[in-house]
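Please read these numbers as outputs of a predicted model, since none were measured by experiment. Below, all heavy atoms of this structure are taken into account, side chains as well, without hydrogens, waters or symmetry copies.
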Amino acid sequence: MTRLEDPYDDSMRPFKLLEFPERSHGGRLGKLELPHRHAIETPHYLAITSRGAVPHLSQDNMRRHSNIKATYLGLEDFVENAPRRTPPLFQQPVKNGESPLKKFTTLPRDTVAVLAPRRMPPVNPPNLNRKSEQAPNRSIIISTSVGFQILDVDEFINDAQKLSPDLVIGLSDNVVGEAPGKRRAEKMVDRTAAWTRKLLQSIATPGDPGSSTASYALAPILPLSVAAQSQYLAQLEDEMDNRLCGFALYDTACLPDLPERLYSGVRLSLDEVSTPHKVLDEVAMGVDLFVFPLVGAATDAGLALDFAFPAVQAPIDGPSEQSSERQPLAIDLWTKDHATDLGPLRKGCSCFACGTHHRAYVHHLLDAKEMLAWVLLQIHNHHIIDAFFSGIRESISRDSFEHDVENFNKIYESEMPEKTGQGPRVRGYQMRSEEPGEKKKNPSRYNTLDDIRQKIADAPSEPDATMKATSLENQGLVVTRESKTSIGDELDK
Ligand SMILES: [Zn+2]
């Protein structure tokens with residue numbers, strides 16, 4: 001491997017590239033070392049949180065049974081009452097130097113917390129472009145648990161200062177859906193440039209007295225070509241100081257053309273990659289950190305991830321079109337095949353779920369809609385993704401990354417298996433709203449039994465101690481074993 005000295009290495013910046021090949025070839029290894037936090041070896045991922053916790057994992061389970069070192073938090077999860085009333089997050093009493101964000105969410109102190117304005121994946125507001133014109137030059141639309149709201153840039157910066165996360169992703173003016181026209185794109189760049197400058201000015205320079213809670217910033221890079229945002233990128237080159245730790249990329253396609261001066265910043269992809277193959281592609285392009293819904297989506301779908309990198313099995317000979325012979329990326333625990341399977345979720349997996357439970361149990365839990373199913377799957381899936389990234393880092397350091405990726409692509413199917421079962425209940429803040437008046441994503445499991453309600457209403461008399469069971473049943477007041485089964489069948493339809 002060709003090793004280059006990083007000409008822009010800055011001893012104050014928390015991210016260091018350990019070694020890298022020549023520009024735009026293969027992956028790169030780095031280390032993010034923030035004071036009093038886990039050192040994050042890159043490439044790595046941030047676990048997505050929803051309203052302060054990794055979905056399905058309580059903070060103690062996360063500590064005990066996962067190796068999650070870094071988390072991604074969206075401010076919109078916490079500010080439904082702002083600015084009218086002070087949200088509870090900002091009323092959290094803290095001691096000197098503590099982060100209210102971590103204290104409120106009870107995230108472990110050494111876990112890296114990255115604060116962004118929006119959740120991942122974000123819920124796109126309808127007619128965003130028109131709505132944002134209310135205060136277009138200083139705000140974006142966010143989605144809170146009580147609906148869409150305006151988030152002003154000053155408010156966001158103020159909140160980020162108060163909450164003191166370890167890294168903060170700046171506000172950006174993104175257009176959702178269709179590609180923006182030339183004039184709209186110019187506006188996006190101008191606004192994002194102004195907002196990023198404001199954010200950087202608000203952050204205390206590390207090393208200053210009293211700045212123990214100083215955050216570092218990740219500047220958003222817009223999903224536009226490098227040429228379209230060249231002025232903004234030039235501004236970032238000038239601002240590549242201690243406070244600017246790196247970049248959050250909404251589209252990694254512009255990575256190869258980024259100015260060289262920006263090369264030494266940590267690169268976080270917000271691309272919403274949905275398969276491990278796409279993660280590998282982006283690692284090859286030089287992405288250091290990922291925030292992707294892949295793990296959570298698999299867990300919600302009842303899928304146990306079942307892949308490793310580098311892939312262990314010998315590649316299948318023959319043309320790559322024979323995809324039917326490739327291995328699936330995950331096992332669908334909803335299917336009846338697992339009803340009596342006493343094997344672990346993945347053979348040889350050392351996670352808590354595989355060590356203590358078997359497939360049949362998780363299948364049963366899913367079937368019974370028990371929350372524990374998703375807890376166990378989430379523990380297993382994070383374990384697989386931890387091992388996946390550790391494999392990527394080893395492969396890059398062995399200089400066999402390209403070969404290992406080729407092998408991986410030959411062995412595994414290119415897409416995740418289709419979801420067959422119903423996931424846990426989807427909340428309003430998780431749904432992508434497509435049009436007004438939409439129906440609920442998953443129907444309620446319990447309904448009023450109208451015919452029984454009618455029977456009760458029509459009952460000739462109040463029940464008493466002398467009444468026979470059959471008359472109670474006829475009046476709809478008890479449900480015998482036989483009628484219970486038919487009601488259960490009715491509900492499952
Ligand atoms: Zn496992």
Side-chain angles (χ1 to χ4, degrees), residues 45-74 77 102 104-108 111 113 119-121 145 291-307 329-389 416-417 419-427 429-431 441-442 444-446:
Y45 71 99
L46 308 179
I48 295 178
T49 64
S50 175
R51 297 165 77 74
V54 175
H56 314 299
L57 290 185
S58 56
Q59 309 298 40
D60 57 335
N61 274 335
M62 180 179 134
R63 262 187 217 109
R64 267 184 236 148
H65 303 306
S66 88
N67 198 23
I68 293 169
K69 290 180 175 165
T71 49
Y72 174 97
L73 301 111
D77 274 352
K102 283 223 183 118
F104 185 77
T105 55
T106 67
L107 277 175
T111 302
R119 292 169 61 87
M120 174 58 99
S145 60
V291 183
F292 46 63
L294 180 123
V295 184
T299 299
D300 285 353
L303 300 173
L305 297 180
D306 190 21
F307 57 83
L329 291 163
I331 301 158
D332 183 1
L333 267 302
W334 279 101
T335 57
K336 295 277 176 225
D337 320 354
H338 305 298
T340 54
D341 190 340
L342 301 184
L345 301 179
R346 176 178 162 81
K347 238 185 208 167
C349 179
S350 60
C351 83
F352 169 80
C354 291
T356 42
H357 300 292
H358 42 63
R359 288 185 188 187
Y361 182 54
V362 178
H363 169 77
H364 158 72
L365 292 173
L366 282 172
D367 214 30
K369 306 276 185 294
E370 274 293 342
M371 289 190 289
L372 182 58
W374 292 290
V375 175
L376 293 174
L377 282 168
Q378 191 75 311
I379 289 171
H380 168 81
N381 288 343
H382 275 93
H383 183 87
I384 294 293
I385 221 72
D386 270 317
F388 176 69
F389 275 97
M416 296 293 287
K419 164 182 164 171
T420 58
Q422 179 81 272
R425 201 175 139 198
V426 182
R427 306 277 172 175
Y429 48 81
Q430 295 172 291
M431 280 190 294
K441 288 277 173 199
N442 38 8
S444 166
R445 294 293 301 168
Y446 302 100

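Here the shortest heavy-atom pairing between Ile68 and Ala47 reads CG2-CB, 3.6 Å. The minimum heavy-atom distance between Asp341 and Gly343, with the atom names listed, is OD1-N, 2.8 Å. Pairing each heavy atom of Leu376 with each of Phe352, the nearest pair is CD2-CE2, 4.0 Å. Heavy-atom minimum distance, Gly296 versus Gln378: CA-OE1, 4.2 Å. Residue Gly302 comes nearest to Leu377 through the heavy atom pair CA-CD1, 3.7 Å, listed as atom of the first residue, atom of the second, then distance.
Within the model, atoms CE of Met416 and CG of Asp332 stand 10.5 Å from one another, a figure rounded to the nearest 0.5 Å. Taken from CG in Leu294 to CD1 in Ile384, the straight-line distance is 11.5 Å, to the nearest 0.5 Å. Atom-to-atom distance recorded for Ile385:CD1 and Leu305:CG is 5.5 Å, nearest 0.5 angstrom. Note that CZ of Arg63 is 8.5 Å distant from CG of Leu107, once rounded to the nearest 0.5 Å.
Sequence neighbours left out, the pairs with a member in residues 343-353 that pass salt bridge (Lys or Arg N to Asp or Glu O under 4.0 Å) are Asp306-Arg346. For the salt bridge (Lys or Arg N to Asp or Glu O under 4.0 Å) condition, no pair includes a residue of residues 370-382, sequence neighbours left out.
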Quiz item: When you look at Asp300 and His56, which way does the side chain to side chain donor-acceptor pair (under 3.5 Å) test go after all the steps?
Solution: CA-CA 9 Å; Asp300 285 353; His56 314 299; 2.8 Å; yes
Exercise. Could you walk me through whether Leu372 and Tyr361 pass the side-chain contact (heavy atoms from CB on, under 4.5 Å) test, one step at a time?
Key: CA-CA 10 Å; Leu372 182 58; Tyr361 182 54; 3.4 Å; yes
Exercise. Test side-chain contact (heavy atoms from CB on, under 4.5 Å) on Trp334 and Leu303 and set out the steps.
Key: CA-CA 8 Å; Trp334 279 101; Leu303 300 173; over 6 Å; no
Quiz prompt | side-chain contact (heavy atoms from CB on, under 4.5 Å) between Asn67 and His382, intermediate numbers included | solution = CA-CA 8 Å; Asn67 198 23; His382 275 93; over 6 Å; no
Quiz item: Are Val362 and His380 close enough, and set up right, to give a side-chain contact (heavy atoms from CB on, under 4.5 Å), and what steps lead you there?
Solution: CA-CA 11 Å; Val362 178; His380 168 81; over 6 Å; no
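Taking the side chain as every heavy atom from C-beta outward, Ile331 and His338 approach each other to under 4.5 Å. In this structure the side chain of Val291 reaches within 4.5 angstrom of the side chain of Ile48, judged on heavy atoms. Between Leu333 and Leu345, the closest side-chain pair of non-hydrogen atoms falls below 4.5 Å. With a 4.5 Å cut-off on side-chain heavy atoms, Leu46 and Thr71 do not count as touching. Taking 4.5 Å as the limit, some side-chain heavy atom of Arg51 sits within range of a side-chain heavy atom of Ser145. By the 4.5 Å heavy-atom criterion applied to side chains, Leu365 and His357 are not counted as neighbours. In this structure the side chain of Tyr45 reaches within 4.5 angstrom of the side chain of Asp386, judged on heavy atoms. For the pair His65 and Cys351, the minimum side-chain heavy-atom distance is 4.5 Å or more.
Side-chain N or O atoms of Gln59 include none that pairs as donor or acceptor with a backbone N or O of Ala53 at under 3.5 Å.
Checked against side-chain hydrogen bond (donor to acceptor under 3.5 Å, both in side chains), Tyr72 has no partners two or more places apart in sequence or in another chain. Considering only residues two or more places apart in sequence or on other chains, Ala360 meets the side-chain contact (heavy atoms from CB on, under 4.5 Å) condition with Leu342, His358. For Asn61, the side-chain hydrogen bond (donor to acceptor under 3.5 Å, both in side chains) partners two or more places apart in sequence, or in a different chain, are Ser58. Scored by the side-chain contact (heavy atoms from CB on, under 4.5 Å) test, Ala297 finds no partners at all (sequence neighbours excluded).
Side chains of His363 and Asp337: no donor on one and acceptor on the other come within 3.5 Å.
For the pairing with Pro344, the side chain to side chain contact (heavy atoms under 4.5 Å, CB included) check across Ser350, Cys354, Cys349 returns one residue only, Cys354.
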